[in-house]
A.B. asks: 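Take this structure, written in structure tokens, and hold onto it; I'll ask about it next.
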Amino acid sequence: MMPSLLSLPRFALVLAFLAQSVVSWTSPCDQEDFRKLPFCNPSLSVQKRAEDLVSRISYEDKLGLLLNGAAAAPSVGMEAYQWWSEALHGVGISPAVVFEDPTPCATSFPQVQTTSMSFNKTLFSLLATAISIEGRAMNNVGHAGLTFWTPNVNIYRDPRWGRGQETPGEDPTLNSVYAAEFVQAFQFGKEDPKRMRASACCKHFEAYSFEELGDMTRHEFNAEVTKRDEADTYRPAFESCVRNGKVSGIMCSYNEVNGVPSCASHGLMTDLLRNEWGFEGYITSDCGAVEDVYDRHNFTDTPDATLNVTFSSGMDSDCGGFATVEALNSSITNGVLSKETFNRALVNLAKVQMRLGMFDSAESQPYKKYSVKDIATPEHIQLALEAARQGVTLLKNEGSELPWEASGDAKIAVIGPHANDTKVMIGNYIGVPPYITSMCQALSKYGSVNCKPGCMDGAKCEDTSGFKDAMTAVSEADFAVFAIGIDQDIEAEGLDRSNIKLPQGQIELIYKAAAIAANSNTKLAVVVLSGGSVDVSFIKENENIPAMFWIGYPGMTGGQAISEALFGDLNPSGRLTQTIYPQKFADEVSLLDMRMRPDRDSKFPGRTYRFYTGEPVYEFGYGLSYTKYNYTVNGEIPKFVKFDKVKEMLGASPQSSSLEVFSFNVDVTNLGSMHGSETVLAMIVPPNAGINGAPLKTLADFGKVWVAAGETASLRLSISAHDLSLANLSGDFEAIRGDWTIQVGNIRVTTWVV
């Protein structure tokens with residue numbers, strides 16, 4: 001067994017596996033010895049082909065196939081294969097991915113948190129398609145695998161979580177839609193209806209949203225989750241991955257759920273995923289999670305028992321070094337792990353490889369046409385820019401301070417730790433982009449830029465020796481941009497925050513520079529780059545700061561999108577996908593508490609916009625525009641809906657594809673003089689909202705429309721049976737009688753379920 005990986009930081013963990021990387025694959029069915037065997041016959045079902053393949057692999061070869069770095073199997077002509085490739089928001093650094101000639105780079109799209117702020121379903125699909133094409137193109141030259149561990153659809157439960165930036169956000173409807181749109185577009189293309197372009201993997205199943213707090217880490221953590229919270233918060237996105245996205249991979253998480261490690265849970269992996277939801281792909285552990293079952297959760301007493309409980313519960317592959325040849329042979333020889341379980345895992349893995357065309361001739365596969373010319377194309381880079389633009393979210397614009405009007409001789413000061421930082425733009429799970437545009441670089445289009453970060457050591461801002469230069473730059477400028485926020489040194493995988501304050505040095509810089517700007521008549525805007533919520537209440541309340549953007553991590557072209565928004569070449573249309581909490585939330589709520597709903601007895605205020613009873617700094621779905629929109633219902637929203645109809649529909653469809661009870665058209669009119677896109681959110685408020693565990697409101701549907709100045713555009717929105725129901729204490733959804741209020745922009749309409 002290899003040494004423990006648990007103490008390694010994530011990037012070091014990736015490097016530890018690079019030596020295992022295998023970047024070439026030749027179909028066994030191109031070899032004379034195997035091409036006429038049943039597993040090479042494309043007319044047979046994938047199941048029969050996979051079963052035939054596994055039956056022909058020698059026992060000795062089989063033992064090397066259940067790690068992410070799977071060994072070769074000469075008995076059937078299989079070369080070694082690395083299952084671990086990353087593609088969260090672009091093909092990323094990982095054991096199977098090679099960023100060397102002829103694939104030195106790949107497009108770096110905005111971090112998921114920024115993309116999701118677009119609330120654009122079409123955009124989700126377009127990005128997934130582009131990433132998948134680049135991944136397949138890299139595979140075609142032997143520089144990537146075909147099994148990519150993306151997307152991360154965990155709920156952004158707590159703003160301190162270092163990996164919330166990777167997720168669509170805190171809302172189960174948004175995460176579910178993102179999951180389905182991304183997975184479908186990533187895996188499937190029109191060119192070849194029989195095969196997948198690439199394999200997606202929804203992670204991390206389940207209830208994973210914690211890295212570390214004191215002596216407790218994700219490797220030992222037991223997520224205590226109620227059935228109610230599981231049903232309406234933690235599980236919907238994964239169900240959508242399986243039922244709607246038809247995802248071919250699932251990753252089980254490090255943590256326990258109610259006392260059972262996820263990667264040792266038959267209830268999660270077999271009963272729920274496979275038997276109830278119909279999952280037909282492979283399940284990989286997170287990297288080192290099998291070792292966790294034994295060494296950290298102390299769930300088993302021996303390595304033999306550990307291999308048995310993980311694989312017999314439904315896992316198919318160990319990312320790590322636990323399921324070695326020696327360890328597997330021991331468990332099987334000792335009669336602990338059965339050969340039936342062993343072979344079932346191999347069949348599940350082989351089925352995915354066959355769906356990817358890895359056992360078919362190259363001539364029969366349209367996806368083999370992709371080449372290095374399809375990587376980081378002008379079209380994909382433009383798409384990255386469009387995604388960044390649509391994620392730009394305007395939080396404050398007092399007195400219509402923005403957009404600014406620039407002349408050729410305008411003086412622009414850019415201060416703050418992110419002023420000229422490029423690395424911050426791309427977040428985590430990064431690849432190697434062809435270039436990254438900083439704010440200072442992009443703003444040079446609009447005038448003469450004086451770039452003075454002030455914070456000389458980055459976002460932590462402990463070295464304030466540059467403050468004087470920053471103040472001078474602001475005092476001499478026509479326009480000043482404060483580029484603030486946090487970065488991967490403050491929030492990341494393996495790194496949660498203890499509070500949601502900005503670093504003290506940044507706070508001091510903002511106060512001082514804002515006062516100088518006010519005295520100098522310098523126009524001022526704050527730009528926040530951050531994955532997780534930071535308490536910006538002091539900026540919201542500061543009269544010397546008229547404007548503020550929330551950006552997330554906007555990708556390789558982010559600097560351009562930000563500069564366009566400041567100077568009016570872009571009308572911002574992003575909306576927050578997370579609650580911006582005050583620091584009081586972090587003071588009152590333990591990061592280890594998995595509850596969503598408020599509890600008066602313990603003074604627990606609840607989490608996310610659906611349940612939080614405190615006063616947010618900015619709420620989920622908030623975002624301003626440079627124009628004004630008016631909403632009207634085109635047609636009718638029914639005043640009454642029969643309870644029996646909702647109940648019947650509820651029982652006839654799963655949550656992920658809930659039947660539509662009614663739909664309606666909304667006309668969006670642009671009342672201003674500036675063209676723009678409008679994000680339309682349909683919220684629904686249940687009877688007795690906020691009482692006895694009912695949410696305050698929840699997102700039912702959403703969309704995005706382009707509306708020219710003075711024009712009107714229409715959007716159709718849907719209300720499903722599950723939208724008119726609530727999860728009970730047992731985790732079952734029940735139709736609820738009473739008044740349901742639909743909120744869309746300025747529209748408020750009540751529908752009675754009777």
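Model, not experiment: these values are computed from the prediction. Just so you know, residue 1 is the first one in the sequence shown, and it goes up from there.
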A.B. asks: Return the set of residues passing ring-ring contact (aromatic ring centres under 6.0 Å, His included) with F611 (not counting sequence neighbours), or none when no residue passes.
C.D. replies: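 ring-ring contact (aromatic ring centres under 6.0 Å, His included) list for F611, sorted by chain: empty.
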A.B. asks: Compile the donor-acceptor pairs under 3.5 Å between side chains in residues 540-551 and protein atoms, sequence neighbours left out, one pair per line.
C.D. replies:
from : atom 1 : to   : atom 2 : distance (Å)
K540 : NZ     : V617 : O      : 2.7
N542 : OD1    : N544 : N      : 2.8

A.B. asks: Which residues satisfy the disulfide bond (SG atoms under 2.5 Å apart) test with C451, sequence neighbours excluded?
C.D. replies: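 For C451, the residues satisfying disulfide bond (SG atoms under 2.5 Å apart) (neighbours in sequence not counted) are C440.
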A.B. asks: Working note: L681 + Q743, criterion side chain to side chain contact (heavy atoms under 4.5 Å, CB included); need CA distance, chi angles, decisive distance, verdict.
C.D. replies: CA-CA 8 Å; L681 307 181; Q743 302 177 346; over 6 Å; no
A.B. asks: Check L715, T679, L174 against F702 for a side-chain contact (heavy atoms from CB on, under 4.5 Å) and give me the one that passes.
C.D. replies: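 One option only clears the test, and that one is L174.
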A.B. asks: Within the 4.5 Å heavy-atom criterion, are I484 and I539 side-chain neighbours or not?
C.D. replies: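 Side-chain contact under 4.5 Å: yes.
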A.B. asks: Are Q390 and N120 close enough that a side-chain donor and a side-chain acceptor fall under 3.5 Å?
C.D. replies: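 Note: Q390 and N120 side chains meet the donor-acceptor criterion.
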A.B. asks: Check the pair E678, S625 against side-chain hydrogen bond (donor to acceptor under 3.5 Å, both in side chains), reporting the backbone distance first and the verdict last.
C.D. replies: CA-CA 8 Å; E678 173 68 341; S625 170; 5.5 Å; no
A.B. asks: Would you call D487-K423 a salt bridge at under 4.0 Å N-O?
C.D. replies: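 No salt bridge links D487 with K423.
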A.B. asks: Output, in order, the C-alpha distance, side-chain angles, deciding distance and verdict of salt bridge (charged side-chain N to carboxylate O under 4.0 Å, His left out) for K704 and E386.
C.D. replies: CA-CA 13 Å; K704 194 115 176 174; E386 184 58 31; over 6 Å; no
A.B. asks: What I'd like to find out is whether the side chain of Q111 reaches to under 4.5 Å of the side chain of P554, using heavy atoms alone.
C.D. replies: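 Result no, sub-4.5 Å side-chain heavy-atom pair not found.
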A.B. asks: Checking E170 against T579 for the side-chain hydrogen bond (donor to acceptor under 3.5 Å, both in side chains) test, could you report, in this order, the C-alpha distance in whole Å, the side-chain angles of both residues, the deciding distance, and whether it holds?
C.D. replies: CA-CA 8 Å; E170 69 180 35; T579 300; 2.8 Å; yes
A.B. asks: Among all residues two or more places apart in sequence or in another chain, which pass the ring-ring contact (aromatic ring centres under 6.0 Å, His included) test with Y609?
C.D. replies: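 With neighbours one apart ignored, the set is F620.
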A.B. asks: Can you classify the ring geometry of F585 versus Y581 as parallel (below 30°), tilted (30 to 60°) or perpendicular (above 60°)?
C.D. replies: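 Taking Y581 first and then F585, their aromatic rings lie parallel (interplane angle under 30°).
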A.B. asks: Would you say the side chain of P605 lies within less than 4.5 Å of the side chain of E588, judging by non-hydrogen atoms?
C.D. replies: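 When only atoms from C-beta onward are counted, P605 and E588 do touch, with a gap below 4.5 Å.
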A.B. asks: I'd like to know if E134 pairs up with K373 as an ion pair, taking the criterion as any Lys NZ or Arg NE/NH1/NH2 lying under 4.0 Å from an Asp or Glu carboxylate oxygen.
C.D. replies: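 Looking at K373 together with E134, the answer is no, because their closest N to O distance does not fall below 4.0 Å.
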A.B. asks: Apply the side chain to side chain donor-acceptor pair (under 3.5 Å) test between Q165 and each candidate in E493, Q488, Q113, H89; give the one that qualifies.
C.D. replies: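 Answer to the side chain to side chain donor-acceptor pair (under 3.5 Å) test with Q165 among E493, Q488, Q113, H89: Q488.
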A.B. asks: What's the verdict on ring-ring contact (aromatic ring centres under 6.0 Å, His included) for W149 and Y429, showing C-alpha distance, side-chain angles and the deciding distance?
C.D. replies: CA-CA 11 Å; W149 294 349; Y429 276 78; over 10 Å; no
A.B. asks: Determine, stepwise, if the pair K121 / E181 fulfils salt bridge (charged side-chain N to carboxylate O under 4.0 Å, His left out).
C.D. replies: CA-CA 7 Å; K121 301 171 187 177; E181 296 287 348; over 6 Å; no
A.B. asks: Would you say the side chains of S448 and K411 form a donor-acceptor pair under 3.5 Å?
C.D. replies: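 Per modelled atom types, S448 and K411 side chains form no pair under 3.5 Å.
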A.B. asks: State whether a side-chain donor-acceptor pair under 3.5 Å links Y208 with R218.
C.D. replies: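 Yes.
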A.B. asks: Suppose we screen for side chain to side chain donor-acceptor pair (under 3.5 Å). Which residues come up paired with N519, at least two apart in sequence or across chains?
C.D. replies: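 Listed in chain order: nothing, the list is empty.
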A.B. asks: Could you tell me whether the side chain of I381 reaches within less than 4.5 Å of the side chain of T557, counting heavy atoms only?
C.D. replies: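 In short, these two side chains touch, coming nearer than 4.5 Å.
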A.B. asks: If you look only at pairs with a residue in residues 512-528, which of them pass as a salt bridge (charged side-chain N to carboxylate O under 4.0 Å, His left out), with sequence neighbours excluded?
C.D. replies: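 Qualifying pairs: none.
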A.B. asks: Determine, for E564 against R389, whether the closest basic-nitrogen to carboxylate-oxygen distance falls under 4.0 angstrom.
C.D. replies: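 Salt bridge present between E564 and R389.
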A.B. asks: Determine whether M439 and V449 satisfy the following criterion, side chain to side chain contact (heavy atoms under 4.5 Å, CB included), listing intermediate values before the conclusion.
C.D. replies: CA-CA 10 Å; M439 276 185 267; V449 174; over 6 Å; no
A.B. asks: Looking just at side-chain N and O atoms, do N154 and T167 make a donor-acceptor pair shorter than 3.5 Å?
C.D. replies: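 On atom types as modelled, these side chains do not qualify, holding no pair under 3.5 Å.
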A.B. asks: Applying ring-ring contact (aromatic ring centres under 6.0 Å, His included), can you list everything that pairs with Y178, at least two apart in sequence or on another chain?
C.D. replies: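 Testing Y178 for ring-ring contact (aromatic ring centres under 6.0 Å, His included), a comparison that skips the adjacent residues, returns F124, F182.
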A.B. asks: Is any side-chain heavy atom of I747 less than 4.5 Å from a side-chain heavy atom of V666?
C.D. replies: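 A side-chain contact under 4.5 Å exists here.
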A.B. asks: Within a strict 4.5 Å, meaning less than it, do heavy atoms of the M683 and V744 side chains meet?
C.D. replies: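 In short, these two side chains do not touch, never coming nearer than 4.5 Å.
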A.B. asks: Going through the distances and angles, do T217 and E211 end up as a side chain to side chain contact (heavy atoms under 4.5 Å, CB included)?
C.D. replies: CA-CA 6 Å; T217 77; E211 302 300 302; over 6 Å; no
A.B. asks: For E619, give me all partners under salt bridge (charged side-chain N to carboxylate O under 4.0 Å, His left out), at least two apart in sequence or on another chain.
C.D. replies: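 Result, salt bridge (charged side-chain N to carboxylate O under 4.0 Å, His left out) vs E619: K697.
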A.B. asks: Check the side chains of S677 and S573 for a donor-acceptor pair under 3.5 angstrom, ignoring hydrogens and angles.
C.D. replies: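 There is no such pair (donor and acceptor under 3.5 Å, judged by atom type) between the side chains of S573 and S677.
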A.B. asks: Test of understanding: with ring-ring contact (aromatic ring centres under 6.0 Å, His included), list the residues that count as partners of Y511, not counting sequence neighbours.
C.D. replies: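 Partners of Y511 by the ring-ring contact (aromatic ring centres under 6.0 Å, His included) criterion, ordered by chain and then number, come out as F538.
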A.B. asks: Check whether any side-chain heavy atom of T114 sits under 4.5 Å from a side-chain heavy atom of V112, and report yes or no.
C.D. replies: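 Answer no - side chains too far apart.
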A.B. asks: Do the side-chain N and O atoms of T712 and D667 include a donor-acceptor pair separated by under 3.5 angstrom?
C.D. replies: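 Distance-only check fails for T712 and D667.
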A.B. asks: Mind jotting down which residue pairs meet the ring-ring contact (aromatic ring centres under 6.0 Å, His included) criterion with at least one end in residues 446-470? Sequence neighbours excluded, please.
C.D. replies: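 Only Y446-F567 qualify under ring-ring contact (aromatic ring centres under 6.0 Å, His included).
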A.B. asks: If you define the side chain from C-beta out and look only at heavy atoms, does anything of Y631 sit under 4.5 Å from V680?
C.D. replies: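 When only atoms from C-beta onward are counted, V680 and Y631 do touch, with a gap below 4.5 Å.
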A.B. asks: Without hydrogens or angle criteria, can the side chains of N428 and E166 be said to hold a donor-acceptor pair below 3.5 Å?
C.D. replies: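 Yes, E166 and N428 have a side-chain donor paired with an acceptor closer than 3.5 Å.
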A.B. asks: Enumerate the disulfide (SG to SG under 2.5 Å) contacts for residues 514-569, please, sequence neighbours excluded, ordered by first and then second residue.
C.D. replies: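 Sorted result for residues 514-569: empty, none.
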A.B. asks: Quick test of your reading: applying salt bridge (charged side-chain N to carboxylate O under 4.0 Å, His left out), list the pairs with at least one residue in residues 98-108, sequence neighbours left out, ordered by first then second residue.
C.D. replies: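 Pairs touching residues 98-108 that pass the test: none.
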